[in-house]
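Everything on this sheet refers to the single structure shown next.
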Amino acid sequence: MGVKPPPSGATGGPPDTIRHFGRAVLRWYRQHGRHDLPWQVKGDPYRVWVSEIMLQQTQVATVIPFYERFIRRFPDVVTLARARVDTVLSYWTGLGYYARARNLHRAARIILKEHDGVFPDEFGSVLALPGIGKSTAGAILSLASDQRHPILDGNVRRVLARYFAVAGETSRKDIQAALWQHAEAVLPKRDTLAAPFNQAMMDLGALVCTRSKPQCRVCPLVGNCQAYALGTPDAFPTRGNKPARPTREVTFIILTDPKGRVLLERRPASGIWGGLWGFPECSLGETPVHWCQHRFHIRATGSAALPVMHHGFTHYVLKIHPQPLRVSHAAGAKIEGRDRVWLYPGAPGRRGLAAPIKQLLEQLDKKHE
Ligand code: SF4
């Protein structure tokens with residue numbers, strides 16, 4: 001399928017339809033939109049930025065408590081830039097997609113170095129920061145600084161794809177270009193309307209034009225929505241045939257010393273769970289005791305394996321085999337180091353932990369109670 005041409009002209013529809021779009025969405029927003037989100041603070045691009053990064057792939061209700069804790073600990077760019085990446089990751093623990101936190105931290109350091117600690121207000125400079133794409137840059141500058149920029153996050157993409165019946169997978173460049181063109185066309189011309197309009201579009205996608213079962217009857221756009229007229233809102237945006245996610249397997253080596261402490265090590269900065277702390281890992285084909293001998297030059301003795309866990313990533317599912325092993329004090333002392341630490345499962349300290357690691361530590365802590 002290709003892109004269905006806009007109803008008329010290159011801007012996505014006749015001028016009165018476009019004007020109606022903006023007016024209808026803004027009117028709906030005044031009555032039904034979300035006006036009291038904690039990051040809706042005019043003139044504070046830092047807060048909007050943090051919220052926009054957290055909201056990527058994550059729902060508002062999940063984000064709010066994380067956002068509030070994060071802002072209490074890192075109230076401004078400079079505090080964030082000066083914090084250790086470990087501390088930043090620890091405040092992200094449970095939110096997932098940790099590259100977002102690492103990029104946020106890197107970007108804060110760039111802002112401190114290159115912009116004197118002041119969040120830039122020029123589109124190109126914002127876009128140049130790590131972890132910020134065109135839509136996020138537009139959201140930050142429109143919501144915080146009343147600049148006129150369109151946005152195209154997942155919610156807005158869905159509304160526009162349906163309203164204009166844009167057929168074709170949204171990963172395609174031509175489809176993205178068509179959607180950006182529509183996003184620009186429907187954005188009201190007045191700068192001061194960009195913030196409420198963009199917020200309204202995000203809310204409309206999240207609350208009314210939902211992924212499944214959109215509530216067209218209460219939608220302010222129902223009068224001119226092409227997907228509604230076709231009777232097939234669910235068919236837009238076009239979903240690709242996603243192949244089933246493959247499964248990868250790994251053994252987590254849970255080394256335990258006589259005090260009941262376990263060994264965690266910091267993972268490399270890149271790759272999955274980059275920079276977070278976790279249990280040492282070996283492949284399923286290896287015998288854990290032999291692996292410890294080879295990797296750490298210590299003798300460990302086996303205990304019963306813990307139940308298998310599954311953790312979903314975007315592209316695969318990780319099947320985890322947690323294997324506890326006991327080591328002596330002397331052996332434990334041999335392998336402690338800068339990026340390896342023995343700690344009590346109930347007291348991991350301020351360290352970034354991926355969800356399964358956190359879950360296993362909680363289980364181990366309960367076992368020792
Ligand atoms: S009418 Fe239905 S499909 Fe169209 S924009 Fe509104 S909720 Fe979405």
Side-chain angles (χ1 to χ4, degrees), residues 1-35 37 55-61 134-135 138-139 142-143 148-172 174-189 193-242:
M1 281 214 279
V3 187
K4 185 165 177 166
S8 89
T11 54
D16 54 340
T17 307
I18 294 302
R19 264 199 302 277
H20 166 81
F21 190 110
R23 273 204 299 265
V25 167
L26 284 166
R27 201 178 313 119
W28 173 86
Y29 176 63
R30 277 194 289 278
Q31 274 190 30
H32 305 287
R34 298 178 285 199
H35 299 273
L37 297 172
L55 287 164
Q56 288 166 3
Q57 337 259 6
T58 316
Q59 307 248 339
V60 165
K134 192 173 162 188
S135 181
S142 62
L143 298 178
R148 187 182 176 279
H149 298 287
I151 61 169
L152 195 61
D153 70 355
N155 283 321
V156 177
R157 196 182 298 133
R158 187 166 58 251
V159 174
L160 294 175
R162 288 175 176 170
Y163 185 84
F164 292 105
V166 177
E169 284 181 39
T170 52
S171 55
R172 270 172 43 188
D174 58 334
I175 301 297
Q176 283 175 21
L179 289 169
W180 272 111
Q181 198 180 14
H182 289 310
E184 173 65 46
V186 296
L187 183 66
K189 297 285 173 268
L193 291 179
F197 179 81
N198 283 343
Q199 185 64 57
M201 287 293 283
M202 291 190 271
D203 288 1
L204 191 65
L207 304 173
V208 175
C209 193
T210 44
R211 197 184 302 249
S212 62
K213 300 199 180 88
Q215 298 171 47
C216 302
R217 285 176 197 285
V218 296
C219 177
L221 299 175
V222 68
N224 290 308
C225 176
Q226 296 188 44
Y228 179 77
L230 292 167
T232 54
D234 280 343
F236 301 91
T238 311
R239 289 187 196 95
N241 290 329
K242 274 197 187 159

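Note that ligands are numbered from 1 as they come in the structure, with each ligand's atoms numbered from 1 the same way. Numbering starts at 1 and runs along the sequence shown.
- T170 has its side chain out of reach of T238: every pair of non-hydrogen atoms, C-beta onward, lies at least 4.5 Å apart.
- Using a 4.0 Å cut-off to heavy atoms of P233, the atoms of ligand 1 that qualify are 3 (S).
- For R34 against A206, the heavy-atom pair with the smallest separation is NH2-CB, 3.6 Å.
- Other residues, nucleotides and ligands place more than 12 heavy atoms under 6.0 Å from the NZ atom of K189.
- Between H35 and Y29, the ring-plane angle classifies as tilted under the 30° and 60° cut-offs.
- Ring orientation note: the planes of Y163 and F21 are nearly perpendicular, at an angle over 60° on the 30°/60° scale.
- Of all the listed residues (P214, C216, A24, C219), C216 holds the heavy atom that lies closest to atom 2 (Fe) of ligand 1.
- Atoms of ligand 1 found under 4.0 Å from any heavy atom of R162, numbered from 1 in the order shown, are 3 (S).
- Of all atoms in ligand 1, numbered sequentially from 1 with element shown, those under 4.0 Å from a heavy atom of C225 are 1 (S), 3 (S), 4 (Fe), 5 (S).
- Scanning the protein for heavy atoms near atom 8 (Fe) of ligand 1, the closest one is C209 SG, 2.4 Å.
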